[in-house]
Amino acid sequence: MFEYEVPANGLDLGLCVSSGQVFRWREHDAPKVYIGADGDNWYRVDASDSDLLRVTSNAGKASFERLFRLDIDAGAVKAAILGRGPELGAYMDLLPGLRLLRPSDPVEAFICFLCTPNNNVARISKMVAHLASFGPMLESSFGLQRFPEALVVASIPEAELRARGFGYRSATIPRAARALVERGGRDWLDNLKGAAYAKAFEELQSIPGIGPKLADCIALFALHHTLATPVDTHLWQAVVRVYHPEWNGKSLTDGRYRQIGEFMRERFGEYAGWAHQYLFYENLLNWRAR
DNA sequence: TACGGACCTTTC
DNA sequence: AAAGGTCCGT
């Protein structure tokens with residue numbers, strides 16, 4: 001077990017772990033104290049001091065820094081985004097401390113995002129927690145379990161998930177997990193990690209239940225393809241508002257989906273996925289009020 | 001290529 | 001009514 005202190009460098013951990021990039025973190029004993037699981041690793045983070053994170057974990061500092069991309073200077077990233085897209089300045093100001101995360105286990109991220117279509121974050125987190133209950137214990141005093149392998153998820157009976165309120169995803173989640181196993185499971189995902197973004201985007205959609213939006217989520221968060229810009233209902237609303245008011249009232253078609261991705265990649269380059277996070281999360285937080 | 005509807009359940 | 005969609009019909 002490790003205990004270490006990490007300079008926050010502006011990172012708002014609570015904001016990051018509730019921004020829909022990961023689903024396995026929660027506030028634990030006290031305000032601003034979080035526990036979470038990420039692949040083989042568990043963390044307890046006391047973020048009550050905004051400048052210094054106090055971490056307890058089974059993993060060393062390097063793993064923690066990778067997860068939150070603390071090796072990257074967020075100020076420089078924000079400056080680059082601002083230089084290419086001044087229109088995002090207001091969004092970045094509203095969400096200081098938001099970072100693009102880098103989850104360590106592609107299988108875990110793949111399956112977690114299978115829970116997200118046509119769903120809401122509260123319910124997604126509950127479903128993810130139930131799936132995690134099929135995995136081995138990671139840390140017993142917090143009750144954190146390692147996320148199960150794809151083969152385990154593929155073997156969960158549909159009725160079991162139906163009884164747990166998974167709805168039609170009771171069939172789609174194990175089916176997609178099975179399709180992942182058939183393609184080679186973790187090795188297949190690792191291979192796509194090394195492939196070009198466009199290749200990963202296409203290949204992922206060969207799995208039943210994975211369309212363009214999930215393919216981009218998985219490319220971004222499981223495979224760390226930072227060119228990926230998942231276009232969900234929130235990013236769509238933000239794009240219509242900021243860039244394409246003439247699309248007001250129209251629907252998100254495949255053509256417009258591709259157009260938005262190409263635009264974001266051209267404008268923000270390798271920071272496209274990071275930039276997308278500001279537009280997405282601001283809209284998620286504020287859409288009801290609009 | 002674009003648009004509608006179905007699909008589970010929960011929450012606003 | 002809508003949720004971090006996808007699929008299948010027109």
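Side-chain atoms are counted along with the backbone in the values below, which use heavy atoms only and exclude waters and symmetry mates. Letters A, B, ... are given to chains in the order of the sequence lines, protein chains preceding strands, and every chain is numbered from 1.
At a threshold of 4.0 Å, the pair Glu282(A)-Arg290(A) counts as salt-bridged, since one of the basic side-chain nitrogens sits closer than that to a carboxylate oxygen.
For dC7(C) and dT10(B), the P atoms lie 24 Å apart once the distance is rounded to whole Å. Atom P of dA1(C) sits at a distance of 16 Å from the matching atom of dG4(B), rounded to the whole Å. When the P atom is used for both dG9(C) and dC8(B), the distance is 16 Å, rounded to whole Å.
The CD1 atom of Ile124(A) sits 18 Å away from the P atom of dA2(C) (whole-angstrom rounding). Here dA1(C) presents its P atom at 19 Å from CZ of Arg123(A), a figure rounded to the nearest Å. dT1(B) atom P lies 13 Å from atom CD of Gln259(A), rounded to whole Å. In this structure, the CH2 atom of Trp236(A) is 14 Å from the P atom of dG5(C), given to the nearest Å. Atom CG in Asn118(A) sits about 15 Å away from atom P in dT11(B), given to the nearest Å. Distance Leu161(A) CG to dT10(B) C1': 17 Å, rounded to the nearest Å. Atoms CD (Gln237(A)) and P (dA1(C)) sit 17 Å apart, rounded to a whole Å. The OH-P distance, from Tyr257(A) to dC3(B), rounds to 18 Å in whole Å.
Heavy atoms of Gln205(A) sit nowhere under 4.0 angstrom from any nucleic acid atom.
A close approach under 4.0 Å does occur between a side-chain nitrogen or oxygen of Arg162(A) and OP1 or OP2 of dC8(B). Using a 4.0 Å cut-off, some side-chain N or O of Arg256(A) falls inside it from OP1 or OP2 of dC3(B). Using a 4.0 Å cut-off, some side-chain N or O of Lys126(A) falls inside it from OP1 or OP2 of dT11(B).
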Side chain to side chain donor-acceptor pair (under 3.5 Å) between Arg241(A) and Asn283(A): does it pass, once the steps are laid out? CA-CA 10 Å; Arg241(A) 188 175 63 246; Asn283(A) 198 79; 3.0 Å; yes
Take Phe64(A) and Phe2(A) through the test ring-ring contact (aromatic ring centres under 6.0 Å, His included) and record every step on the way to the result. CA-CA 11 Å; Phe64(A) 181 80; Phe2(A) 297 91; over 10 Å; no
Verify ring-ring contact (aromatic ring centres under 6.0 Å, His included) between His28(A) and Phe142(A), making sure each step is shown before the conclusion. CA-CA 9 Å; His28(A) 183 47; Phe142(A) 298 135; 5.1 Å; yes
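Residues Gly209(A) and Ser19(A) each lie close to DNA chain C; by heavy-atom proximity, the contact nearer the 5' end of the strand is made by Ser19(A). Nearest-nucleotide positions on DNA chain B place Gly255(A) closer to the 5' end than the other of Asn120(A) and Gly255(A). The nearest heavy atom of DNA chain C to Phe221(A) and to Ile210(A) marks one nucleotide each, and the one closer to the 5' end goes with Phe221(A).
The nucleotide dT6(C) finds its pairing partner in dA6(B), both defining distances of the Watson-Crick or G-U wobble pair being shorter than 3.5 Å.
Contact record, Ser50(A) with Ala8(A): O-CB, 3.3 Å, taken as the closest heavy-atom pair.
Side-chain atoms of Tyr281(A) and Gln21(A) form no donor-acceptor pair, as typed in the model, at a separation below 3.5 Å. Side-chain contact, Arg146(A) with Asn41(A): no donor N or O sits under 3.5 Å from an acceptor N or O. Defined by atom type and a distance below 3.5 Å, a donor-acceptor pair is present between the side-chain atoms of Tyr257(A) and Asp216(A).
Near-neighbour residues of DNA chain B inside residues 245-253 of chain A, defined by a heavy atom below 4.0 Å, number-ordered: Ser251(A), Thr253(A).
In the set dG5(C), dC8(B), dA2(C), the nucleotide with an atom closest to the side chain of Leu214(A) is dG5(C). Here the nucleotide nearest the side chain of Arg288(A), chosen from dC3(B), dC12(B), dT9(B), is dC12(B).
In the interface, the side chain of Tyr168(A) is paired with the base of dG5(C) through a donor and an acceptor atom under 3.5 Å apart.
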